[in-house]
Structure formats: C-alpha cells, structure tokens
4 protein chains.
Amino acid sequence: MKKREEEILVRAKSLFSKRGFHSLTVSEIVDSLGIARGTFYLYFKNKDDVYRRVLERTVQEIEKNLKVLPLERPLEQLRRNLLSVLKLIEEDRETASLIFYHPYKLNLEFDEILEEFYGKVLSLIERALLKGMEMGIVRECNVKVISRAIFGAFVEVGKGLLKGELQSAEEAVDELLSFGLRGLLEGRNDWRN
Amino acid sequence: MKKREEEILVRAKSLFSKRGFHSLTVSEIVDSLGIARGTFYLYFKNKDDVYRRVLERTVQEIEKNLKVLPLERPLEQLRRNLLSVLKLIEEDRETASLIFYHPYKLNLEFDEILEEFYGKVLSLIERALLKGMEMGIVRECNVKVISRAIFGAFVEVGKGLLKGELQSAEEAVDELLSFGLRGLLEGRNDWRN
Amino acid sequence: MKKREEEILVRAKSLFSKRGFHSLTVSEIVDSLGIARGTFYLYFKNKDDVYRRVLERTVQEIEKNLKVLPLERPLEQLRRNLLSVLKLIEEDRETASLIFYHPYKLNLEFDEILEEFYGKVLSLIERALLKGMEMGIVRECNVKVISRAIFGAFVEVGKGLLKGELQSAEEAVDELLSFGLRGLLEGRNDWRN
Amino acid sequence: MKKREEEILVRAKSLFSKRGFHSLTVSEIVDSLGIARGTFYLYFKNKDDVYRRVLERTVQEIEKNLKVLPLERPLEQLRRNLLSVLKLIEEDRETASLIFYHPYKLNLEFDEILEEFYGKVLSLIERALLKGMEMGIVRECNVKVISRAIFGAFVEVGKGLLKGELQSAEEAVDELLSFGLRGLLEGRNDWRN
DNA sequence: GATGAATGAGTATTCATTCAT
DNA sequence: CATGAATGAATACTCATTCAT
C-alpha cells in the first residue's frame, strides 16, 4: 500500500464517519489533505471506491478481533468477542460510527460488505449457541431468532456506548451476558456457577 | 389533508423506502404519479419536507400500535407491543424499511424524528422493566443496558423478518420473550407459570 | 374602471414601489388582496401588463400637476411645476419610488413609458428656457444641455427628499431655483428683482 | 487575477450592461464564452457574485479618474473631474450603462455599492463648494441641496451623452459649468475672469 | 507521480400562466 | 365574475470525473 493511498484512506474514513457518504465530497477529502483532485483518482477509481475500501478495512479491523476460539467454552468465547468489539467501539468511534450508522440502500455493493460482516458475526453467535446446546449448557431454542436477538442487543448497546448514553463497556457486556443467559425473571443463579 | 397531498405522500413513502433519500429525485416522484413538477411544490416546501413528513407519519402509524396498557401485567404488555409492531412490519414493509434502514446523518432534523421514536420505545421497555422489578417479577438489573438490549434484539429480529430470513412474527416474538425472560441457560421454567 | 381592477392596480403600485418588478410575484399581489390567482388574469393580460399600467397611471398623475401655464412668466411657471412635483414626492412616496428608481432595461416597452414622461418634462423645461431667452430674461445657452441639467438637478433633489436626506421641498426648490438662476458665483442678485 | 476570471468578468460586464441583471442568465454568459457552466462557478460563487464584482470594478475604474486635486482651485478641480468622468462615459458605454441604469432594489448589497460611489462623488462636490465659499468664490448656499443638484445635472447630462442625444462631452461640461456658476439670468460675467 | 483547470450531466426549485368548475 | 389546482418551461447551482501539462 502506497503512503498516499493510506493517507487518503485514513482521512476518508474519518470524514465519512462524521459526514456520511453523500454529504462528504471528494473535494473535501483532497482539500483536507492538501492534495490535488487528480491525485485522488490516481489511487481510487471513484468516490464509491474509497467508500467501499474504507468499509472493507473497517470491517476487517473488527474481524481481526473476532477470534474463533476453540469451542470448548462457547459462552466464554462469546463473552470475549462481544467485549473485544465493544472495547473497540469505545476506542475507535470512527469505526463504530461507520459500522452502526452506515446508510443502507446507498449502493447494493456497499450494503453487501456490511451484510457479509453482520452475517459473519451472526454465524459466530449461532455456532456458539449450537455448541452450547450440544454441550447441554444452552437450552433448546430457535437459533436463527436468538442469534439475531443477541446480535441486535449487542449492536444497540454498542450504539448506546457510542452516544455516551451508556458508560462502561465492561459493565455493559456483563450485564448483557447475564441478561442473555439468566433472563429477566427473578430467582436464577449466575451462569458461571 | 388534500387528495393530492395524500397521493404524493403515499407514493413518496413507497419510493423513499425502496430507494433511500438521496437517490430518489423529486422528478421521479412526480413522474411516477404523472403530475407536474410544480404540483409537488404546491404541497411540499422541498424534498426534505416530504421526507420529513413521510417519516413523521410512519412513526405515528407505529406509535398508534404501541399501547400504554395498564401496568399490572408489564411483561404481557411488553409482549403485546413487541408483537404488534412486528406484525406491522410483516404487513407493511415500506414502513419497516424506512424505520430500520433510515440513513442517519442525513439531516439532523430527520434523525431527531427517529431518535424521538426510538426514545419512546426505549422508555416503554424501561417502564415495563421497572414495574416488573417493583412487582418482584423481574430481577434487579441495569435497566438502561437491558432495555437497550431488548430494544436491539427486537429491532434485529424485525430486520430478519423484513429480509425474509425469519419466518413468523408470532414465533419470533415468543422465542424472543422466552429468551429474554428465561435466558439461554438450561433448566429454567416458563415465566407464565 | 371596474372596482376590482382599481383595487389590484392600487395594491400593485404599492407593492411594485417597495419591491421592484422582478422580486414582486403575482402571487404576492393576489394573496395580499385575498383574491384568486385567476381573478388577476381576468383584469390583466400578464405581469407586464399590470406593471405597465401602474407606470402609466403614475406618470399621468404627475402630468396632471405639470401645468402648461401661459408662458408670460416662464421662470415662475417652471418654479411652480418643479415645486408641485416635489410636493407630490413628499406626499406620495410610492409614486416617487416608481418614477425615480424604475429599473431600466426591464423591458423596452416599460422604458418607453418613462422616457416619454421624461421627454415631456424636458420639453417643458426647454420651452420655458426658450421663452425666457426670447423675452431676454434668460441668457443664451445650449438649451439641450441646460434643460437636461435642470431636469437632473431636480430629479436628484427629489431623490434626496425621498431618502430623507433633504428636508423641505419648498426650501429645496427655492435653493435649486436660486442656484439655477444666479449660479454659484459670489456677487449676484435675486432673479425676482 | 486568473485569465479565465478576467475573461468572464469582461464578458459579464458587457452582457449585464446590455441586458440588465435579471434577464441575463448564467448560461448566456458561459455560452457566449464557449466555456462550461461549471467553469463559471469555479471563479464566482453565484450570479450575484459576478454582478457585484462587475459593479465594484466599474466603480473603481471611474474612481481612479476622480482625482482629489489640491483644493486651491476647487472649481477647476470640479470641472476636471466632471469632464474626466463624462469622457469615460463617451468612451466606455458599458460602464456608463451600468452606473446610470443600474436597477435599484435588486439587492441591498448591490445598491450599497453604487450608493457608496454616489456618496463619494457627492462629497467631492460638497468639498469643492465649501472650499469655494471659504475662499469667497462661491456664494453662500445650502450645500446639501446644491451638491445634489450639481450631481444630478451632471448625471443627466451623462445619460444624454450616452443616449446620443447630446454630442460632445467637452461642450456639455463647459455649458454645465457655466450654467452652474453664472446661472441662467442675463447679464453675468464668466467665472474665470 | 502530481496537478488543478475544465467539464457537463444532473437536480432542486420558482413562478407566470391556464382552464375546468 | 371568481376560483385555485395544475402546469412546465426556465434557471441556478453542484460535484464527480477527466486530462493535458
């Protein structure tokens, strides 16, 4: 990766995360870097191209943190993954903003990138659930529905952290896990026991 | 409400839900109705104006279905509300699409409309949780985190229904409730008992 | 003249004098009268038509005050005419505004209306000058130039009154006349003596 | 100043002076130069912007010719200034057209540009008058009124030259001066003596 | 590699005018 | 006489993209 290309990608990510796809112009990207308009097109086919690559990178960064640990302790693995992603959000608001607030229907290609990412996360959750059931830790349930529910709960808590309406990622993940495992009803025990 | 205005709003909702705000042009709206460009501006100040009104209406339609039932049975109330909204989604994919896939950062005013709506839903959930705790049905928990989690789970399941990746709204809601109430761990009882 | 027609003309004059031709819309005229857009076109062919008729009327009102008195006392006649027009300006700012600040090159037809009016005023002045020369009161001069100069001086003083930068019409006319007759140089007598 | 910018300004001045602000379109400017619509907006913020800059330039060109000579000979200075401006008008009809026939009430900002210019010319005249009085050359008079009168006379003669209704600028200025200094009444001497 | 002037298709918006009721 | 909904031509302005230097 060329230095210039990298430079543009970094700046573009920052700007797209603040301004969204449509309101950010190519001029703003190049002006903010002090480079010529033509230089931009030396490294990127067009505006869609930068956006796609920004999205891809961002998704990859998160995926690096999604470890497919050995499945002996599926719930622990899930906990770790959720926590590591929420931590990332706390640290890198640009990434979070892109992932959570990406406008769908911009362009089918863009949507696919996130859909694929979401799909990966979903299947990670599904696999943990299935393994848990196999091991007798997790009760029988509709995995399709529940994995989505977990995913959604997680995403929404992530947004809460991003907006500053929730405070600590650690606390949120524990609360989330506890909720997911024990449910809301009174009279349960901690799942780790 | 004038007939024309209604006609435009209905068509605009349909088109915005399919195409998003930016890619839909005013020309497409009027062409699709076979009316003159000027006619559009007779009823709407500008493109933002239609979009705002479409969004407002859509939110209102859903809110009509969010009944603030007497809180004696908070969990039952929650169940009904979630179900009625998911049913709506099943029936009216345009509404669902607008609500779930609205691009944030389009325009602060637009975002506020949905934020306000989401806020209402969140507080509905919070109130049910708090009442449940008061009544001793729901165990102590961080209401801020858990209400978001429930909301997120619900939204994500809604999206799944919309995309056709999940089948029945009824089944999904029951599964969701059971998940939320009993959690995932083996060896729990049904909350209704 | 129909009552409605009159009503529209009066309002249009008022609005055109404040807003100018281009920035005033037909909608504003009809809205301000509480009548339908169609009603306007019952009495006027188009927007140009009202403007033309407003201009014509306004010019006619002034012309009524421009008396072609018997020429025995040409300078006295000139004084009276100038005074009567400046008085009108003091009283009717709408008329003054239209006459003095009409944007040329709007439309040839409009320009002609004022040009014709200006032409009349000029020839009034010219005739007074010529008569004065004939009578030996006025010294030999280039009537074309001087009549324009008198006209211009008069118009500019009118604008000064309109803008409130000059105070009394009477005083201004006397000063103007004295200037025109005696000139600026020291050591002259009053022309009436 | 970039070559293109200059090119556009020159053409715009020419077109505005012939067609006025409203009837001239941006398309006409660019078509007449054979450049793209976007090129125009590279150099000018909008249509108002070109007009404003054309007006400012034009005023500046004239102001360069308005010399604030030492005041020992105030009337001679006035004569020179009036003459130099009238000469300019003879030579540059576009400038003259813009200055004399600019439609007021287009836009407050535009009006201010000319008002400021007119104000400068007026104060130039006022200062000459006051100095003249101080030196005992000019008789006591209401300077506010008389300076306006001189200005108006001058403007109107300028218009006459522009329209071709008056012939020579030199002759007109001398006639104008003689009129202003000696007045119209018979039996006066030349002011230079 | 880098530049930045030039491009022009695309879009929102206005407003005088018409005409069926 | 009066209405006012509907029209659509006209226009300003934006911005992604190109290409000669």
Side-chain angles (χ1 to χ4, degrees), chain A residues 2-5 8 21-31 33-51, chain B residues 2-5 7-8 22-31 33-51, chain C residues 2-5 8 21-31 33-51, chain D residues 2-5 7-8 22-31 33-51:
Chain A
K2 316 273 174 42
K3 200 174 129 290
R4 255 302 145 77
E5 196 172 348
I8 296 173
F21 179 80
H22 278 109
S23 37
L24 183 62
T25 66
V26 172
S27 300
E28 280 174 283
I29 299 173
V30 298
D31 289 351
L33 285 167
I35 63 175
R37 308 165 76 69
T39 306
F40 173 90
Y41 287 92
L42 240 40
Y43 298 97
F44 301 93
K45 235 180 35 244
N46 50 37
K47 189 184 169 187
D48 278 20
D49 191 32
V50 228
Y51 192 73
Chain B
K2 311 267 177 49
K3 198 175 130 289
R4 256 301 145 78
E5 195 173 349
E7 194 180 26
I8 296 172
H22 280 110
S23 37
L24 182 62
T25 66
V26 173
S27 299
E28 279 174 285
I29 299 174
V30 299
D31 289 351
L33 285 167
I35 63 175
R37 307 166 78 65
T39 304
F40 173 88
Y41 288 93
L42 233 43
Y43 298 97
F44 302 93
K45 252 200 350 268
N46 49 38
K47 191 182 164 186
D48 277 22
D49 192 32
V50 227
Y51 192 73
Chain C
K2 315 273 176 40
K3 199 174 130 290
R4 256 300 146 78
E5 196 172 348
I8 297 173
F21 180 79
H22 278 110
S23 39
L24 182 63
T25 65
V26 172
S27 300
E28 280 175 283
I29 299 174
V30 298
D31 289 350
L33 285 167
I35 63 175
R37 305 165 78 70
T39 306
F40 174 89
Y41 288 91
L42 240 40
Y43 298 97
F44 301 93
K45 232 176 44 240
N46 51 36
K47 189 183 168 187
D48 278 21
D49 192 30
V50 227
Y51 191 73
Chain D
K2 312 267 178 46
K3 199 176 128 289
R4 254 303 144 79
E5 195 173 348
E7 195 181 26
I8 296 172
H22 279 110
S23 38
L24 182 62
T25 67
V26 173
S27 300
E28 278 175 285
I29 298 174
V30 298
D31 289 351
L33 285 166
I35 63 174
R37 308 166 77 66
T39 304
F40 173 89
Y41 288 95
L42 232 44
Y43 299 98
F44 301 94
K45 256 203 344 273
N46 49 38
K47 191 182 164 186
D48 277 22
D49 192 32
V50 227
Y51 192 73

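Order of the sequence lines sets the chain letters (A, B, ...), proteins ahead of strands, with each chain counted from 1.
A straight line from CG of Leu24(D) to C1' of dA12(F) spans 13 Å, rounded to a whole angstrom. The distance from atom CG of Leu33(C) to atom P of dG4(F) is 14 Å, rounded to the nearest whole Å. One can place CD1 of Ile35(B) at 21 Å from P of dT18(E), the figure rounded to the nearest angstrom. What separates CD of Glu5(D) from C1' of dG4(E) is a distance of 15 Å, to the nearest Å. Distance Asp31(A) CG to dT3(E) P: 12 Å, rounded to the nearest Å. Distance Arg4(D) CZ to dG4(E) C1': 13 Å, rounded to the nearest Å.
Nearest-nucleotide positions on DNA chain E place Gly34(D) closer to the 5' end than the other of Gly34(D) and Val26(B). In this structure, Gly38(D) and Gly38(C) both approach DNA chain F, and ranking their closest nucleotides by distance from the 5' end singles out Gly38(C).
Summarising the geometry, atom CG belonging to Asn46(A) is positioned 11.0 Å from atom CZ belonging to Phe44(A); distances are rounded to the nearest 0.5 Å.
Between Ser23(B) and Glu28(B) the shortest heavy-atom distance is O-OE1, 3.5 Å. When all heavy atoms are compared, the tightest approach of Tyr43(A) to Glu5(A) is CD2-CB, 3.9 Å. Across all non-hydrogen atoms, the minimal contact from Ile8(A) to Ile35(A) is CD1-CD1, 3.9 Å.
Checked against Lys47(C) for a side chain to side chain contact (heavy atoms under 4.5 Å, CB included), the options Thr25(C), Ile29(C), Val26(C) give a single hit: Val26(C).
Scanning for ring-ring contact (aromatic ring centres under 6.0 Å, His included) contacts around Phe21(C) gives Phe16(C), Tyr51(C), Phe110(C), with sequence neighbours left out. For the salt bridge (charged side-chain N to carboxylate O under 4.0 Å, His left out) test, residues two or more places apart in sequence or in another chain that qualify with Arg4(A) are Glu7(A). Partners of Asp31(B) according to the salt bridge (charged side-chain N to carboxylate O under 4.0 Å, His left out) rule, which considers only residues two or more places apart in sequence or in another chain, do not exist here. In this structure Asp49(D) satisfies the salt bridge (charged side-chain N to carboxylate O under 4.0 Å, His left out) test together with Arg52(D), sequence neighbours excluded.
In this structure, the nucleotide among dT7(F), dT3(F), dA12(F) sitting nearest to the side chain of Ser27(D) is dA12(F).
In DNA chain F, the stems built from three or more successive Watson-Crick or G-U pairs (distances below 3.5 Å) are E:2-21 with F:2-21.
Residues from residues 40-51 of chain B that place a heavy atom under 4.0 Å from any atom of DNA chain F, listed by number: Leu42(B), Tyr43(B).
Within the 4.0 angstrom heavy-atom criterion, base atoms lie near Thr39(C).
With hydrogens and angles ignored, a donor-acceptor pair under 3.5 angstrom links the side chain of Arg37(B) to the base of dT13(E).
Nucleotides dG1(E) and dT21(F) have their P atoms positioned 22 Å apart, rounded to a whole Å.
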